[in-house]
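Reminder, nothing fancy here: chain letters follow the sequence lines and each chain counts from 1.
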Amino acid sequence: MARKAAGRPEQEMLSLWKREQARLKALVVDRDTEAWQRDPAFSGLQRVGGVDVSFVKDDSVSACASLVVLSYPELEVVYEDCRMVSLTAPYMSGYLAFREVPFLVDAVRRLQEKDPGLVPQVLFVDGNGVLHHRGFGVACHLGVLTGLPCIGVAKKLLQVDGLENSAVHKEKIRRLRAGGDSFPLMGGSGTVLGMALKSHDHSTKPLYVSVGHRMSLEAAVRLTHGCCKFRIPEPVRQADIRSRDYIRRTLAVQGAPAPLSGKVQRPKACPKGAAEEPA
DNA sequence: GCGACAG
DNA sequence: ATCTTGTCGC
């Protein structure tokens with residue numbers, strides 16, 4: 001019924017998106033273009049950015065897009081931009097950028113106009129770069145559209161081009177000793193698509209780092225490690241924290257309506273000996 | 001039928 | 001993506 005009627009336009013949309021990815025992919029630069037990227041201490045690097053999109057619970061449309069800029073190497077937040085947006089495009093695996101990237105580009109443009117001196121020299125993106133079905137993930141997409149160097153940081157392995165979360169893969173993870181240790185993710189074609197990185201000493205799950213735009217994989221991995229206070233690179237982590245908090249504050253102002261009926265959250269048990277049962 | 005499916 | 005505060009352990 002409706003499913004079938006919507007099926008055709010959806011396929012047409014995907015083929016358009018696929019063509020757009022192929023077109024923009026030709027513009028990706030997967031090497032270092034800046035002097036600081038090759039410097040052992042990244043001297044010359046002063047501002048790193050992070051972007052994220054957080055969602056309102058039980059709402060596939062309302063979200064908060066955020067861009068933060070941190071000082072480097074201090075990693076202190078010097079700029080924050082959170083904005084409620086309405087996402088129209090659906091989430092399709094392999095096409096994440098078409099859902100989220102327009103709002104991230106907007107945020108970058110606003111900063112470029114408002115305070116060019118604060119524009120980050122590199123952007124960390126929540127998601128993959130060239131480690132992608134067609135070699136053009138959201139980090140590449142945002143990089144090409146903004147012209148800024150971008151690094152893709154995914155929290156789980158996208159199993160593409162022969163890469164799989166196999167027993168062998170898990171064993172390689174187990175062998176990562178200290179924060180900064182990594183191993184290459186080799187696609188079936190023999191190309192290194194990204195690196196699994198232990199982002200800090202006591203992290204079990206690695207990060208999957210790949211080139212977004214205007215940076216080598218080596219520099220991307222090294223800088224990612226250099227921006228990790230915790231498992232998630234600080235720019236992305238701050239963007240995530242602040243976008244979620246923005247949503248929380250927004251809902252508080254409008255007043256969360258109490259449901260007319262439905263399950264009620266039962267209070268957690270009190271620490272010790274508190275009488276809980278109603279009389 | 002089973003597993004994968006960035007966010 | 002979202003569900004989640006306090007809690008147990010080093």
Side-chain angles (χ1 to χ4, degrees), chain A residues 10 14 17-18 21 50-67 82 84-104 123-143 150-167 169-170 185 187 193-197 201-212 220 224 231-233 235-237 239-248 250-251 256 259 262-272 274 276:
Chain A
E10 184 165 288
L14 284 181
W17 284 359
K18 205 167 170 178
Q21 287 182 330
V51 292
D52 191 39
V53 176
S54 293
F55 296 80
V56 173
K57 189 182 76 160
D58 296 332
D59 187 331
S60 60
V61 172
S62 304
C64 174
S66 68
L67 163 66
C82 289
M84 293 305 299
V85 297
S86 294
L87 303 186
T88 53
Y91 170 67
M92 312 280 305
S93 177
Y95 301 92
L96 172 64
F98 293 93
R99 178 163 167 80
E100 302 191 345
V101 106
F103 307 100
L104 303 178
L123 275 178
F124 284 88
V125 183
D126 204 349
N128 292 293
V130 301
L131 173 47
H132 178 266
H133 305 68
R134 290 161 297 281
F136 192 74
V138 63
C140 300
H141 206 130
L142 184 60
C150 284
I151 300 173
V153 181
K155 294 182 287 295
K156 43 195 188 193
L157 177 64
L158 182 59
Q159 304 193 152
V160 68
D161 193 21
L163 293 172
E164 53 178 347
N165 192 12
S166 61
H169 179 80
K170 287 173 180 151
L185 301 165
L193 300 176
M195 299 276 260
L197 169 72
D201 288 348
H202 298 293
S203 183
T204 306
K205 286 165 63 82
L207 292 178
Y208 296 95
V209 179
S210 59
V211 170
T224 298
R231 176 176 176 248
I232 304 298
V236 171
R237 186 172 161 268
D240 179 67
I241 290 172
R242 287 156 195 267
S243 59
R244 294 162 98 113
D245 197 54
Y246 188 85
I247 287 176
R248 188 186 57 70
T250 300
L251 295 182
K263 294 187 179 178
V264 173
Q265 179 91 34
R266 180 166 289 279
K268 290 276 187 174
C270 288
K272 280 176 186 175
E276 274 303 312

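Using a 4.0 Å heavy-atom criterion, one finds that A:Ser60 contacts no nucleic acid atom at all. Among the heavy atoms of the strands lying under 4.0 Å from A:Val138 is at least one base atom, whether or not backbone atoms are also near.
Atom CD in A:Glu164 sits roughly 12 Å away from atom C1' in B:dA4 (whole-Å rounding). With rounding to whole Å, A:Phe55 atom CZ is found 18 Å from C:dT4 atom P. Between the CG atom of A:Asp240 and the P atom of C:dT2 there is a distance of 7 Å, given to the nearest Å. Rounded to an integer number of Å, the gap from A:Ile232 CD1 to C:dA1 C1' is 14 Å. Atom CG in A:Asp126 sits about 7 Å away from atom C1' in B:dG7, given to the nearest Å. If you measure from atom NE2 of A:His141 to atom C1' of B:dG7, you get 15 Å, rounded to the nearest angstrom. When the P atom of B:dC5 is taken as reference, atom CZ of A:Arg99 falls 19 Å away, rounded to whole Å. Look at CG on A:Asp59: it is 20 Å from P on B:dG7, rounded to the nearest Å.
Distance from the side chain of A:Lys57 is smallest to C:dC3 among B:dA4, B:dA6, C:dC3. Taking only side-chain atoms of A:Arg244, from C-beta outward, the nucleotide of B:dA4, B:dA6, C:dT2 with the closest atom is C:dT2. For A:Lys155, the side-chain atoms get nearest to C:dA1 when compared with the rest of B:dC5, C:dA1, C:dT2. When distances run from any side-chain atom of A:Leu158 to the nucleotides B:dA6, B:dA4, C:dT2, the shortest one goes to B:dA6.
You'll find the side chain of A:Phe136 stays beyond 4.5 Å of the side chain of A:Lys18, heavy atoms only. Proximity of A:Lys155 to A:Asp126: side-chain heavy atoms (C-beta onward) are separated by under 4.5 Å at one or more points. Side-chain contact between A:Leu163 and A:Leu158 is absent, with no heavy-atom pair separated by less than 4.5 Å. The side-chain heavy atoms of A:Ser60 and A:Leu87, taken from C-beta on, include no pair separated by under 4.5 Å. Looking only at side-chain heavy atoms (C-beta outward), A:Met84 and A:Ile247 come within less than 4.5 Å of each other.
A distance-only check finds no donor-acceptor pair linking the side chain of A:Ser243 to the backbone of A:Val53 [under 3.5 Å].
In this pair, A:Phe98 and A:His141 present their aromatic rings perpendicular. The plane angle is above 60°, beyond the 30 to 60° band.
Contacts between residues 88-98 of chain A and DNA chain B, counted as heavy-atom distances below 4.0 Å, involve A:Tyr91, A:Ser93, A:Gly94, A:Tyr95, A:Leu96.
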